[in-house]
Visitor: 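Pasting a structure here, questions to come.
Computation of the quantities below employed the complete heavy-atom set of this structure, encompassing side-chain atoms and omitting hydrogens, waters and symmetry-equivalent molecules. Convention: sequence-line order gives letters A, B, ...; per-chain numbering from 1.
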Protein chains: 2
Amino acid sequence: MKGKATSFDIAYRAGVSQATVSRALRGSPLVNEETRRRIEAIARELHYTVDKNASNLRRQRSGTLALLLFEDPTSDGSLINPFFLSMLGAITRASARQGHDLLISFQQLSHDWHADYHDSHKADGLILLGYGDYLASRGKLERLEEQGTPFVRWGAVDDGQPGIAIGCDNAGGGRAITEHLLRLGRRRIAFLGDASPHCPEFLDRYRGHCAALAAAGQTSDQALQIDAADSTEEVGYTATLGLLDAGTAFDAIFAASDLLAIGAMRALGERGRRVPDEIAVVGFDDIPLARLASPPLTTLLQDTKIAGEMLVDTLLRQIRGETVHNQVLPAQLVIRRSCGTGRAAEDGPPDPAA
Amino acid sequence: MKGKATSFDIAYRAGVSQATVSRALRGSPLVNEETRRRIEAIARELHYTVDKNASNLRRQRSGTLALLLFEDPTSDGSLINPFFLSMLGAITRASARQGHDLLISFQQLSHDWHADYHDSHKADGLILLGYGDYLASRGKLERLEEQGTPFVRWGAVDDGQPGIAIGCDNAGGGRAITEHLLRLGRRRIAFLGDASPHCPEFLDRYRGHCAALAAAGQTSDQALQIDAADSTEEVGYTATLGLLDAGTAFDAIFAASDLLAIGAMRALGERGRRVPDEIAVVGFDDIPLARLASPPLTTLLQDTKIAGEMLVDTLLRQIRGETVHNQVLPAQLVIRRSCGTGRAAEDGPPDPAA
DNA sequence: CTGAAAGCGCTTACAG
DNA sequence: CTGAAAGCGCTTACAG
């Protein structure tokens, strides 16, 4: 009977009806305590577990959430932005804690994922994760909403996209970074990252950056905003080489993501520009690598644990029919060595390798 | 009818029986071509998808695999060894390619995961992933086998554990590393990593190391084998400080994982020991960070893409009732700067920051 | 507190 | 090639 016992087997041995077994095992208060104990003992003995397919079919739910990661299609087979991996871990844990299974899948924005998971009762709701071109995905999100599929997405909040979004305070974070750099005496801050509606999170970070400049009475120099389509180390490296080649003077780089920042530091290192003495570098995300970079990278911490819990919690409430709202999570400046200490530039010792 | 159409709705509109709809949509060759086309058109129009719970219940399968990650319980909430994340990505893709959904879950070895996924028909089989104490998990694996649960695990092969294992050639990899270091003139090679049956993968790497030493007519010095219980940067850092404090002379470190190696390099850097000029460092895994470390880390590449495909493929064949076998995948030496170039030590320039 | 019965939405022998 | 019917293993009104 290995792994095959049904509620009928238990009912037979316990001398009760199958219905009573089901009630007892689901914790119904209707069942006599002694009966319940007997049933539970037999269930344990037989290694019984409720058949999820039968249970779900009957209850018209799945007890499962689906996490859809939208990855950059250009990226290598196995590489994912570590930030999303961190989110993945947090979401997996939060989901388990709430008693839900988690399906995971990588999707291209172009595919037909939107009509699958919910209609087929594979999942009760979707979590959408990943930098993608938000303009391109709008149609799919609208269809999800039309179909009544519960979903939440991580990303820019209040950007007019359909559905519930949870994200960090990108504008506030961008402002905090630039304020910090200004405080340290940096005046020519390059912004590395796509500042367009295609990438609203980066755009918000850029807006925060510009707001801080404006508050300090400075204007933003167009020549210092470098588009970086993808958020990868390689792109950050290439973009920074381009910036150096263009000959524009700058004393700091605000990279819209840690991966871009790490690539920027590699380019600077190769060209013999010292970080932070000549050029301060700041990232965004606080991926594990940021702490290990050389020099360790100043960045903005997005708390993925809280984010994951928030995403799962909001989605489950939506599934239950409650009214849910967008939410903005604070981001916290983590100061390490890559931004310098505010002393006069050019006189610090070079950083030893980490 | 949003997301609620059933095969009966389609049958009604198509003027056929529900059974024919089911056949047509499952691609049965019994159905008339014209009938099939009509049914498919209506299904599309109604946004119909087969209810997985009903289908699975009837077919007594789930079309789902479960990936269980056994994490180091001491690790931080969201951190996972990047190597396993890379495996996770590869497994997710391979699983999708084979038309299976993937459930993901983090498990403590102590929990009762073994009796859950298969019995409840949540998954047709399990993939087990993660450094864990293999001696401690033996009982669970035995029970899985007893229950007839199909499962494969990534790890040491032929270590006498129950079930099918797929892993890389740890002994061969360890030998390759040490041979390379010897070729470069290193003579006192410290091995960083738990060399005990609790951690058979590391043990195999150590054995390969010792085999290479023996082949070169050297004996392994016990003082140069440092246990490192967990595979984390922090542990590598601490262990290396300990090694330095012990005063044992050494000119190379063979770390059993990249994370350990990166921690080792940090410790060496802090103590002013130059890598690779004074001390060569080599890791194992080729995580993305290895390439970005400073200096870039020489390591052994485990091809996670192939590994993921192999795991999924083997598990599916096992589920289908085929006989499957353990498999060893080759590991490939990736030479970067951390091991030096074989020129005399002490005369190289210090490495610029990456 | 318990049981008999209906039904969730499919798949698949069986009969034609 | 198609249909009528059984049944996968549960959950839950309904009746007692």
Visitor: Using a cut-off of strictly less than 4.0 Å, decide whether A/S55 has a side-chain nitrogen or oxygen near OP1 or OP2 of D/dT11.
Guide: yes

Visitor: Is A/E33 salt-bridged to A/R37, going by a charged N under 4.0 Å from an acidic O?
Guide: yes

Visitor: CG of A/L46 versus C1' of D/dG9: gap in Å, rounded?
Guide: 15 Å

Visitor: Do the non-hydrogen side-chain atoms of A/L311 and A/M87 ever get within less than 4.5 Å of each other?
Guide: yes

Visitor: For the side chain of B/V50, counting heavy atoms from C-beta on, which of C/dC1, C/dC10, C/dT12 is nearest?
Guide: C/dC10

Visitor: With nearest nucleotide decided by heavy atoms, which residue, A/R36 or A/Q18, maps closer to the 5′ end of DNA chain C?
Guide: A/R36

Visitor: Quickly work out the A/D9 CG to D/dC8 P distance and round it to whole Å.
Guide: 12 Å

Visitor: Which heavy-atom pair separates B/H121 from B/S62 by the least distance, and what is that distance?
Guide: O-CB, 3.3 Å

Visitor: Between D/dG16 and D/dT12, how far apart are the two C1' atoms, rounded to whole Å?
Guide: 16 Å

Visitor: If I take atom CG in residue B/N53 and atom P in nucleotide D/dG7, what distance separates them, rounded to the nearest angstrom?
Guide: 22 Å

Visitor: Tell me if a side-chain donor or acceptor on A/N326 pairs with a main-chain N or O of A/A165 at a distance below 3.5 Å.
Guide: yes

Visitor: Can you tell me the distance, in whole Å, between the CD atom of B/E33 and the P atom of D/dT2?
Guide: 10 Å

Visitor: In whole angstroms, how far is the C1' atom of C/dC10 from the NZ atom of A/K52?
Guide: 19 Å

Visitor: Reckon A/S22 touches a base, only the sugar-phosphate, or nothing at all at heavy-atom distances under 4.0 Å?
Guide: base

Visitor: Please evaluate residues B/Q107 and B/K140 with respect to the criterion side chain to side chain contact (heavy atoms under 4.5 Å, CB included), reporting the C-alpha separation (whole Å), side-chain torsions for both, the decisive distance (0.1 Å), and the verdict.
Guide: CA-CA 13 Å; B/Q107 301 286 339; B/K140 309 260 174 152; over 6 Å; no

Visitor: Using a heavy-atom cut-off of under 4.0 Å over every strand shown, decide if A/R26 touches base, sugar-phosphate, or nothing.
Guide: sugar-phosphate

Visitor: Let me know the distance between CG of A/L25 and C1' of D/dG9, rounded to the nearest Å.
Guide: 13 Å

Visitor: Using OP1 and OP2 only, check whether a side-chain N or O of B/S7 sits under 4.0 Å from C/dC10.
Guide: yes

Visitor: With the side chain of A/A19 defined as its heavy atoms from C-beta on, choose the nearest nucleotide among D/dT2, C/dA4, D/dC10.
Guide: C/dA4

Visitor: For B/L30 and C/dA15, what is the distance between atoms CG and C1' respectively, to the nearest whole Å?
Guide: 14 Å

Visitor: Mark yes or no for a side-chain to base donor-acceptor pair under 3.5 Å between A/R23 and C/dG3, with no hydrogen or angle criteria applied.
Guide: yes

Visitor: Nearest nucleotide by nearest heavy atom, which residue falls closer to the 5' end of DNA chain D, B/R59 or B/V16?
Guide: B/V16

Visitor: So, is A/S17 close to the C/dG3 phosphate, meaning a side-chain N or O under 4.0 Å from OP1 or OP2?
Guide: yes

Visitor: Between B/T20 and D/dG3, is there a side-chain N or O to OP1/OP2 distance below 4.0 Å?
Guide: yes

Visitor: Under 3.5 Å, is there a donor-acceptor pair between the side chain of B/N56 and the main chain of B/K52?
Guide: yes

Visitor: Please give, in whole Å, the distance from D/dT11 P to A/F8 CZ?
Guide: 11 Å

Visitor: If you check every side-chain atom of B/Q60, which of C/dC10, D/dG9, C/dT12 has the closest atom?
Guide: D/dG9

Visitor: Find the partner of D/dA15: check Watson-Crick (N1-N3 plus N6-O4 or O6-N4) and G-U wobble (N1-O2, O6-N3) distances, both under 3.5 Å, and reply none if neither fits.
Guide: C/dT2

Visitor: Can you identify which nucleotide, out of D/dT2, C/dC8, C/dG9, has its nearest atom closest to the A/R58 side chain?
Guide: C/dC8

Visitor: Using OP1 and OP2 only, check whether a side-chain N or O of B/Y48 sits under 4.0 Å from C/dC10.
Guide: yes

